[in-house]
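Here is the structure we will look at.
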Number of protein chains: 2
Amino acid sequence: MPATLATLESSRCPITRSVSLLGDRWSLLIVRDVLGGLHRFDELASHLKISRAVLSPRLAGLVDAGILERADYREPGARRRAEYRLTESGQELVPILAALVDWGRRHVAGSAGLRLAHTGCLSPVHVEMGCAAGHAVPNAQLRIDVPPGH
Amino acid sequence: MPATLATLESSRCPITRSVSLLGDRWSLLIVRDVLGGLHRFDELASHLKISRAVLSPRLAGLVDAGILERADYREPGARRRAEYRLTESGQELVPILAALVDWGRRHVAGSAGLRLAHTGCLSPVHVEMGCAAGHAVPNAQLRIDVPPGH
DNA sequence: CAGTATCCGGTGCGATACTG
DNA sequence: CAGTATCGCACCGGATACTG
């Protein structure tokens with residue numbers, strides 16, 4: 001039998017924590033677009049077709065969570081610009097996006113409209129699980145395991 | 001035209017599609033608990049500390065999305081029970097959960113309370129990205145092409 | 001360009017109570 | 001055990017208008 005009740009109970013569960021930060025309708029889409037090269041407020045608003053009144057607090061939340069960072073840029077002679085960039089923590093969301101892409105392409109009809117590629121060779125990218133002993137881990141061989149001590 | 005839920009669901013971006021199915025505060029936690037061995041309505045309600053009036057439509061949505069399946073069974077002499085199990089499609093959400101665990105453990109304070117292990121050797125599990133040419137793909141070497149309008 | 005302010009309707013969610 | 005019914009509030013998110 002897999003994990004026990006007491007196991008899953010903990011609010012220190014990293015899934016709970018991650019979902020509470022990222023589990024809404026916009027955050028991961030914003031990350032996707034920033035990763036895809038959109039860095040400015042109005043670019044994001046118009047590409048996502050999201051109201052600016054909604055985008056603003058979303059960006060603030062992601063900055064607050066340490067996923068994005070905001071920088072004002074002023075090129076000589078030009079006006080001020082604000083830029084949103086992924087922090088290192090934000091950059092490490094990439095496997096989550098890749099896993100969502102993998103799943104969506106396989107299990108949701110009509111979702112073939114986005115490609116992930118390796119910058120080195122332009123081949124398509126997929127996600128795998130592996131264990132510390134070097135084995136590939138298929139979905140059915142994963143178990144939720146809780147260290148002793150709650 | 002602004003984005004409604006309907007237009008999000010008709011998007012061809014697999015991230016958008018996946019997020020529109022899974023991107024709320026409960027769905028992935030329900031999947032985690034079912035994966036962890038909880039299969040009955042009241043078990044899930046009390047463990048997740050979610051109102052039954054909220055759980056009920058959530059489960060229906062996951063069943064509708066083909067992620068869970070519901071089965072009534074009646075052991076001889078016992079009363080009826082309803083069980084929720086992961087479909088094959090639901091099983092394949094595992095890499096998404098694993099990626100969320102990886103990220104949460106590294107970037108969200110106080111989220112060390114859950115671990116993933118390989119059933120074969122009990123070693124910790126992590127996610128990796130690979131390309132079709134067989135290369136390991138680090139986060140910085142992923143290129144994402146976001147088509148306009150999605 | 002990068003936001004805020006205001007209004008307002010829809011929905012998420014908890015609490016409580018009731019049903020088969 | 002497995003739900004449904006109802007209430008009420010908080011928050012999400014769209015439209016529009018305004019600011020530096």
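Nothing here was measured: the structure is a model prediction, and the numbers come from that model. Just the heavy atoms: all of them, side chains too, but no hydrogens, waters or symmetry mates, feed the values below. Chain letters run A, B, ... following the sequence lines, proteins first, then strands; residues in each count from 1.
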Calculate the interatomic distance between A/H47 atom NE2 and C/dA2 atom P; express it in whole Å. 17 Å
Separation of atom CG in A/L55 from atom P in D/dG13, rounded to whole Å: 11 Å
How many whole angstroms separate atom CZ of A/R58 from atom C1' of D/dC12? 8 Å
A/R52 CZ to C/dA2 P, in whole Å, measures 10 Å
Mind checking B/Y84 for me? I need base, sugar-phosphate or nothing, with any heavy atom below 4.0 Å counting as a touch. sugar-phosphate
Provide, to the nearest angstrom, the distance between the CZ atom belonging to B/R25 and the C1' atom belonging to D/dC12. 11 Å
Within the side chain of A/Q141, is there an N or O that forms a donor-acceptor pair under 3.5 Å with the backbone of A/P138? no
Evaluate the side-chain proximity of A/V34 to A/H39: yes if any heavy-atom separation is below 4.5 Å, no if none is. yes
What is the separation between atom CD on B/E43 and atom P on D/dC1, rounded to the nearest whole Å? 8 Å
Considering only side-chain heavy atoms of B/A82, which listed nucleotide, D/dA2, D/dG13, D/dT6, is closest? D/dA2
Using the closest heavy atom to pick a nucleotide of DNA chain D for each, name whichever of B/H39 or B/S51 lands nearer the 5' end. B/H39
State the dot-bracket string of DNA chain D. Criteria: Watson-Crick or G-U wobble, both atom distances under 3.5 angstrom; notation: ( ) intrastrand, [ ] crossing earlier pairs, | interstrand, . unpaired. ||||||||||||||||||||
Looking for any heavy atom pair under 4.0 Å, which part of the strands does B/A45 touch: base, sugar-phosphate only, or nothing? nothing
From CG of A/L38 across to C1' of C/dA2 the rounded distance in Å is 16 Å
More than 12 foreign heavy atoms under 6.0 Å from CD of B/E83: is that the case here? yes
In whole Å, what is the span from the CZ atom of B/F41 to the P atom of D/dG3? 5 Å
Could you please name the option among C/dA5, D/dG14, C/dG3 that lies closest to any side-chain atom of A/S56? C/dG3
